[in-house]
Undergrad: 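The structure is given below, and queries will be raised subsequently.
In this text the structure is predicted, and so the values were computed from the model without any measurement. Basis for what follows: all heavy atoms, side chains included, without hydrogens, waters or symmetry-related copies.
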Amino acid sequence: MSKTTTIEAGAPLLTLINVFTVEPARQEELVALLATATEKAMRHRPGFISANIHRSLDQRHVANYAQWASREAFEAMMADPEAQRHMQAVSAMAQAAPVLYEVASVHGTKA
């Protein structure tokens, strides 16, 4: 079964929003590095649900909106040596500001 991003108040999952600050000339390189890390390491970890990588229009930021089944699954990924190797490569290129969240409220129009 394929898992996708779900944004629903009260959903039993953990959301990581990590905003990276990067030199504009390296934004695309960071996007590619995060996509590779997700494909090669993160998505294979137990509890991974989804990751969405966004690039800012000012070319100075990249945001990763990722979902995990639980805080425990996220912490296990953070302790994994392969995941750490990928995160070290990202840290050498950009400053990260990760914060963990739960969805509190969702608003939109009805289709």
Undergrad: For the atom pair CE (Met77) and CG (Leu16), what is the distance rounded to the nearest 0.5 Å?
TA: 7.0 Å
Undergrad: Taking only residues two or more places apart in sequence or in another chain, which ones pass salt bridge (charged side-chain N to carboxylate O under 4.0 Å, His left out) with Glu82?
TA: Arg45
Undergrad: Determine whether Val22 and Met93 satisfy the following criterion, side-chain contact (heavy atoms from CB on, under 4.5 Å), listing intermediate values before the conclusion.
TA: CA-CA 7 Å; Val22 64; Met93 179 183 310; 4.3 Å; yes
Undergrad: Would Phe48 and Leu14 show up in the same hydrophobic cluster when neighbours are defined by side-chain heavy atoms closer than 4.5 Å?
TA: yes
Undergrad: Going only through I, L, V, M, F, W and Y residues with side-chain contacts under 4.5 Å, is there a path from Met78 to Val99?
TA: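 As far as the 4.5 Å side-chain criterion goes, Val99 and Met78 are not connected within one cluster.
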Undergrad: Using modelled atom types only, decide if a donor and an acceptor are shared between the side chain of His44 and the backbone of Glu39 within a distance under 3.5 Å.
TA: yes
Undergrad: Rounded to the nearest 0.5 Å, what separates atom CG in Asp58 from atom CD in Gln27?
TA: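 It comes to 7.5 Å.
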Undergrad: Spell out, yes or no, whether Phe20 and Val31 are grouped together once hydrophobic residues are joined by side-chain heavy atoms under 4.5 Å, including indirect joins.
TA: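 Yes, same cluster.
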Undergrad: Is the closest side-chain donor-acceptor distance between Ser105 and His107 under 3.5 Å?
TA: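 Per modelled atom types, Ser105 and His107 side chains form a pair under 3.5 Å.
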Undergrad: Any donor-acceptor pair under 3.5 Å linking the side chain of Asn64 with the backbone of Asn18?
TA: no
Undergrad: Should Ile49 and Thr5 count as side-chain neighbours, where that means a heavy-atom distance under 4.5 Å?
TA: no
Undergrad: Nearest 0.5 Å, what's the CD1-OG1 distance between Ile7 and Thr15?
TA: 7.5 Å
Undergrad: Can you sort out the partners of Glu28 under side-chain hydrogen bond (donor to acceptor under 3.5 Å, both in side chains), two or more places apart, ordered by chain and number?
TA: Arg55
Undergrad: Can you hop from Leu33 to Val62 via hydrophobic side chains spaced under 4.5 Å?
TA: yes
Undergrad: Quick check: closest heavy atoms across Ala9 and Ala104, and the distance to 0.1 Å?
TA: CB-O, 3.7 Å
Undergrad: So, taking the atom named CD in Gln67 and the one named CD1 in Ile17, what distance separates them when rounded to the nearest 0.5 Å?
TA: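 Answer rounded to 0.5 Å: 9.5 Å.
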Undergrad: Is there a donor-acceptor pair closer than 3.5 Å between any side-chain N or O of Gln59 and the backbone N or O of Ala25?
TA: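 Side chain of Gln59 to backbone of Ala25, a donor-acceptor pair under 3.5 Å: no, none is there.
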Undergrad: Closest approach of Leu30 and Ala94, non-hydrogen atoms and distance?
TA: CD2-CB, 3.7 Å
Undergrad: Can you give me the closest heavy-atom contact between Pro46 and Ala73, atom names plus distance?
TA: O-CB, 3.6 Å
Undergrad: Measuring from Trp68:CH2 to Glu75:CD, what's the distance to the nearest 0.5 Å?
TA: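 With rounding to 0.5 Å, CH2 (Trp68) is 11.5 Å from CD (Glu75).
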Undergrad: Suppose the criterion is side-chain hydrogen bond (donor to acceptor under 3.5 Å, both in side chains): which pairs have a residue in residues 84-99, not counting sequence neighbours?
TA: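 Output for this query is empty, none listed.
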Undergrad: Less than 4.0 angstrom from a charged side-chain N to a carboxylate O is my criterion; do Arg26 and Glu29 meet it?
TA: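 A salt bridge is present here (some side-chain N lies under 4.0 Å from a carboxylate O).
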Undergrad: Group every Ile, Leu, Val, Met, Phe, Trp and Tyr by side-chain heavy-atom contacts under 4.5 Å, then state whether Leu100 and Tyr65 land in the same group.
TA: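 Per the 4.5 Å side-chain linkage, Leu100 and Tyr65 are not co-clustered.
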